[in-house]
Enquirer: 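If you scroll down you'll find the structure; I have some questions about it.
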Amino acid sequence: MPIKRLDKTPMPVRQAGLRAHDFAEVNRGYGAAQAAFEAERCLRCQDAVCEDGCPVRVPIPEFVHRVATGDLRGAADLLRSANPLPAICGRVCPQESQCESRCSMARRFEPVAIGHLERFVADWERSQPPTVAPNLTRSERIAIVGAGPAGLVCAGALARLGYPVTIYEALHAPGGVLRYGIPEFRLPKAILDWEIGLLQALGVEIACNVIIGKTITLDALMNEMGYAAVFIGTGAGLPRFLGIPGEELNGVMSANEFLTRVNLMRGFEFPEADTPVQRARRVAVVGAGNTAMDAVRTALRLGAERALIVYRRSDQEMSARVEEYHHAVEEGVEFHWLTNPLEVVDDGHGWVGGLRCQQMTLGEPDASGRARPLPVAGSEFVLPVESVILAIGTTPNPLLTRTTAGLATNRHGCLLVDERTAETSRSGVFAGGDAVTGAATVILAAGAGKRAAQSIHEALQARR
Amino acid sequence: MAQILEARPLTPVTKYFRLAAPLIAAAAQPGQFVMLRVREGGERIPITIADYDRAAGTISLVVQQVGATTSLVCALEAGESILDVAGPLGMAVELPARGHVCGVGGGFGSAALLCLMRELRRRGLATTAIVGARTRELVILADELAPLCDRLEVCTDDGSTGFRGFVSQRLAQLIEAGGASRPDQVIAIGPMAMMRAIADTTRGTGIRTLVSMDPLMVDGTGMCGGCRVTVGGKPMFACVDGPCFDAHEVDFDVAMRRNKAYQAQERQARDRLACMAQREAR
């Protein structure tokens, strides 16, 4: 038994000064030796508490052990049996608040780099010939609304159970937030395409350009089209705005618009790609979640001289992953903590001329349990920027609920579901992911999709 | 992928298309739009649904060549396909239960009056269509519209056919004339300046007036908020809340300014396309 190394094997990254100017992936991934080396750090605890931190319950010590012993095929199969999107989750999961936060090594040293190992195994698998084949043995067909993380995982799990599944996607390409939201430098589209290709190899059908609730109603799916069950994974795609003066000025946009132009529409390749995106010299991004980090780092890559995060709370309340924050700092993003935007200033021609802000200080905890930011009197100032990007959250898209009778939602527009079965107020209609929880993470959506698949299976078995 | 069954130029810069799109045809209502994409790497653009035939499973669109993407669309012919067509999107235009509705179309906006007039007649309402263009050659679909409405008014700026003047001026005359000429509701579709003129014409007359806004859009499904229109001082998403809004509440200054946000890039794309076409010709 070798002596356990105390620190994580670092993830090889591209140099900040270079990567901040292009869209190639920042993390390069472990090599085989680094992976085996890191896997050796796992203590293989009897009670694998790390698994409790994983929304899809990946059998972590077992797959890590297989990496340590060089059984990569075994590791890959085990991983994929629990998580249909390992190459994606290995890249975008907030491991520090999930599996790795529970790791026994973390009590005294650094946790095992479970996320990096997951990514390593999934990337190894990508270099191998695919081994999946469709095995659709059942007659009940299932429709899935939305090809984002929840829908993709639900589809994969159902196809493995033998159900013919069709995913209906409103946009022209599948992936949801993985396609339009997460940038190339964090999740290359080639990885997403490969993961989706594996689902299609399992027999999952994907119909793009179909907006359920508009092109086809939910009732038509259930009645005329004869689907035995429907899973709704429509996410939380409707952007919030601040409601401050000047938000209608040219140069103010939601992070969703900015990222969609760049990621889904490949605006960074304009004019080779047809969709333009604004390339401002100085950009302020309001918010401090993962979307804000994605937007501000994208702005840098589009050539911004100054890319600023403006957040009314402090770095302690920031919801972004630690890794994204560190990468942003390394790349030269400026952070304006305790800074509350009051007004977007007109440059005199209807474009953004600056962002008027006030300094904040932290008070007593608010409803969210975080310290409430309070304005400092007489502290107003103007940040000189030409573009303001709002990354202050999203709410569920109302397209489907507006056109469907009997789908109960809460006051935020989130679908109400039975906690145990994920069934909505309509029999045979299930839901999961951000459409139910409001904006959360890829892995929580994946977990919800996986549980809903099991629940749909049980409901259909009981119906027989 | 939607196959083009029919394609014919209406003017030197506008083209009529009939597409096989059975799901969209079955669900479409007047006022709604589709999102189109013509090639890999291509833009998504919103186009108002001009007409639909549920039995035949077809929709009709009229596209005006204004930028690079619309030029690519207008180069397509029958037998070819449009890569992506998604819809119907947006809310159906709100129609009154009874009374007299006047549809006003400016330029290629006149196309959207086809399904509107047909639907109004089906519901038994009295209808007037006013269509306008700069000159006679640019008036579109008047022959197709005539049998669908009770009264058709054609206007040209130069008087080369029909009423000499703007559609808003003709509308003002009809309102002035009163009686059966005066509409109870107006629905206007066309260039922003024309819709603003219509809003000004009916302001204070008590005639409910809707305009079909045509802001820049990326996804068309409520995801980006790029299509924000200021209505009654509040931001509304044209793609999910509209595209038709109360004309007297719309802030046209903001709307016109926002539509110019990508003017420089649009020019760049147009020039590039023209340059590449020239190179190919050589």
Side-chain angles (χ1 to χ4, degrees), chain A residues 169-173 176-177 180-181 207-211 213-217 220 234-235 237-241 243 247-261 264-267 269-279 349-351 390 394-399 402-403, chain B residues 1-2 21 23-24 26-28 32 34-35 37-45 67-69 72 83-91 218-230 234-235 237 239-241 251 253-258 260-262 264-266 268-269 271-273:
Chain A
E169 167 58 42
L171 295 175
H172 58 262
V177 72
Y180 72 76
C208 288
N209 296 319
V210 180
I211 306 108
K214 291 285 187 187
T215 318
I216 303 174
T217 62
T234 47
L238 209 70
R240 280 204 188 109
F241 288 84
E247 258 181 327
E248 77 293 344
L249 290 171
N250 291 359
V252 181
M253 70 194 95
S254 71
N256 262 13
E257 177 179 353
F258 182 62
L259 292 171
T260 300
R261 283 180 181 274
L264 173 70
M265 307 309 299
R266 308 194 70 81
E269 292 173 339
F270 180 86
E272 276 75 36
D274 295 338
T275 305
V277 61
Q278 269 163 28
R279 293 170 181 260
H349 302 96
W351 285 79
L390 303 168
T394 54
T395 54
N397 195 314
L399 270 186
R402 269 190 198 172
T403 55
Chain B
M1 200 81 115
L23 291 175
I24 301 174
Q32 292 187 300
V34 292
M35 296 298 295
R37 205 172 69 111
V38 285
R39 60 178 178 187
E40 286 306 329
E43 252 184 316
R44 294 169 64 90
I45 56 164
T69 300
L72 291 169
L83 181 61
D84 297 297
V85 182
L89 289 159
M91 305 294 283
V218 184
D219 63 289
T221 63
M223 219 178 70
C224 83
C227 65
R228 307 198 292 296
V229 176
T230 307
K234 292 198 183 70
F237 287 14
C239 67
V240 290
D241 303 321
D251 187 328
D253 286 335
V254 168
M256 288 162 107
R257 191 196 69 217
R258 288 183 60 80
K260 291 181 185 155
Y262 286 90
Q265 289 94 332
E266 283 159 9
Q268 187 186 350
D271 292 349
R272 185 170 185 273
L273 193 70

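Quick note on labels: first sequence line is chain A, next is B, and so on, each numbered from 1.
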Enquirer: Does any backbone or side-chain atom of A:Phe258 lie under 4.5 Å from a heavy atom of chain B? Answer side chain, backbone, both or neither.
Expert: neither
Enquirer: Check whether A:Leu249 gets within reach of chain B through its side chain, its backbone, both or neither, counting any heavy atom under 4.5 Å.
Expert: both
Enquirer: A:Val277, A:Leu259, A:Leu390, A:Leu264: which one forms the most heavy-atom pairs within less than 4.5 Å of chain B?
Expert: A:Val277
Enquirer: May I ask you to name which of A:Arg266, A:Glu248, A:His349 has the most heavy-atom pairs under 4.5 Å with chain B?
Expert: A:Glu248
Enquirer: For A:Pro276 and B:Tyr262, which heavy atoms make the closest approach, and how far apart are they?
Expert: CG-CD2, 3.6 Å
Enquirer: Between chain B and each of A:Arg261, A:Met265, A:Arg402, count heavy-atom pairs under 4.5 Å; write down the option with the most.
Expert: A:Arg261
Enquirer: Non-hydrogen atoms of chain A under 4.5 Å away: do they reach the side chain of B:Asp271, the backbone, both or neither?
Expert: neither
Enquirer: With heavy-atom distances below 4.5 Å as the criterion, would you say the side chains of B:Arg37 and A:Asp274 are in contact?
Expert: no
Enquirer: With a 4.5 angstrom heavy-atom cut-off, is it the side chain or the backbone of B:Ala68 that approaches chain A, or both, or neither?
Expert: neither
Enquirer: What part of B:Arg272 lies closer than 4.5 angstrom to a heavy atom of chain A: side chain, backbone, both or neither?
Expert: side chain
Enquirer: Enter the distance from B:Leu23:CG to A:Ile216:CD1 here, rounded to the nearest 0.5 Å.
Expert: 5.0 Å
Enquirer: Taking all non-hydrogen atoms of both residues, which atom of A:Lys214 and which atom of B:Gln32 are closest, and how far apart?
Expert: NZ-NE2, 4.1 Å
Enquirer: Do any N or O atoms from the side chain of A:Asn250 and from the backbone of B:Arg257 form a donor-acceptor pair under 3.5 angstrom?
Expert: yes
Enquirer: Starting from the C-alpha separation in whole Å, work towards a yes-or-no answer on side chain to side chain contact (heavy atoms under 4.5 Å, CB included) for B:Met223 and A:Leu238.
Expert: CA-CA 5 Å; B:Met223 219 178 70; A:Leu238 209 70; over 6 Å; no
Enquirer: State, to 0.1 Å, how close A:Ala170 and B:Ala86 come at their nearest heavy-atom pair, and which atoms those are.
Expert: O-CB, 4.2 Å
Enquirer: At a heavy-atom distance under 4.5 Å, which candidate from B:Ala264, B:Gly87, B:Ala28 has the highest pair count against chain A?
Expert: B:Gly87
Enquirer: Which region of A:Glu272, side chain (C-beta onward) or backbone (N, CA, C, O), has a non-hydrogen atom less than 4.5 Å from a non-hydrogen atom of chain B, or is it both or neither?
Expert: both
Enquirer: Quick one: what part of B:Val240 sits under 4.5 Å from any heavy atom of chain A, side chain, backbone, both or neither?
Expert: both
Enquirer: Less than 4.5 Å to any heavy atom of chain A: does that hold for the side chain of B:Pro235, its backbone, both, or neither?
Expert: neither
Enquirer: Can you give me the closest heavy-atom contact between B:Asp84 and A:Asn209, atom names plus distance?
Expert: OD1-ND2, 2.8 Å
Enquirer: Counting heavy-atom pairs closer than 4.5 Å to chain A, which one of B:Gly67, B:Ala27, B:Gly225, B:Gly220 comes out on top?
Expert: B:Gly225
Enquirer: Please flag which part of B:Met35 lies under 4.5 Å from any non-hydrogen atom of chain A: side chain, backbone, both or neither.
Expert: neither
Enquirer: Can you tell me which portion of B:Thr221 sits under 4.5 Å from chain A's heavy atoms? Options are side chain, backbone, both or neither.
Expert: both
Enquirer: By a 4.5 Å heavy-atom criterion (distance strictly below it), what part of B:Leu273 contacts chain A: side chain, backbone, both, or neither?
Expert: neither
Enquirer: With a 4.5 angstrom heavy-atom cut-off, could you sort out which part of B:Arg44 is near chain A: side chain, backbone, both or neither?
Expert: both
Enquirer: With only heavy atoms counted, which part of A:Ile211 is less than 4.5 Å from chain B, the side chain, the backbone, both or neither?
Expert: side chain
Enquirer: For a quick test of reading the model, state the closest non-hydrogen atom pair linking B:Cys224 to A:Ser254 and the distance between them.
Expert: O-OG, 2.6 Å
Enquirer: Quick check on B:Val34 against chain A: is it the side chain, the backbone, both or neither that has a heavy atom closer than 4.5 Å?
Expert: neither
Enquirer: Only pairs of heavy atoms separated by less than 4.5 Å count here; which of A:Val210, A:Asn256, A:Thr215 has the most with chain B?
Expert: A:Thr215
Enquirer: Heavy-atom pairs under 4.5 Å with chain A: which of B:Gly226, B:Ala26, B:Pro88 has the most?
Expert: B:Pro88
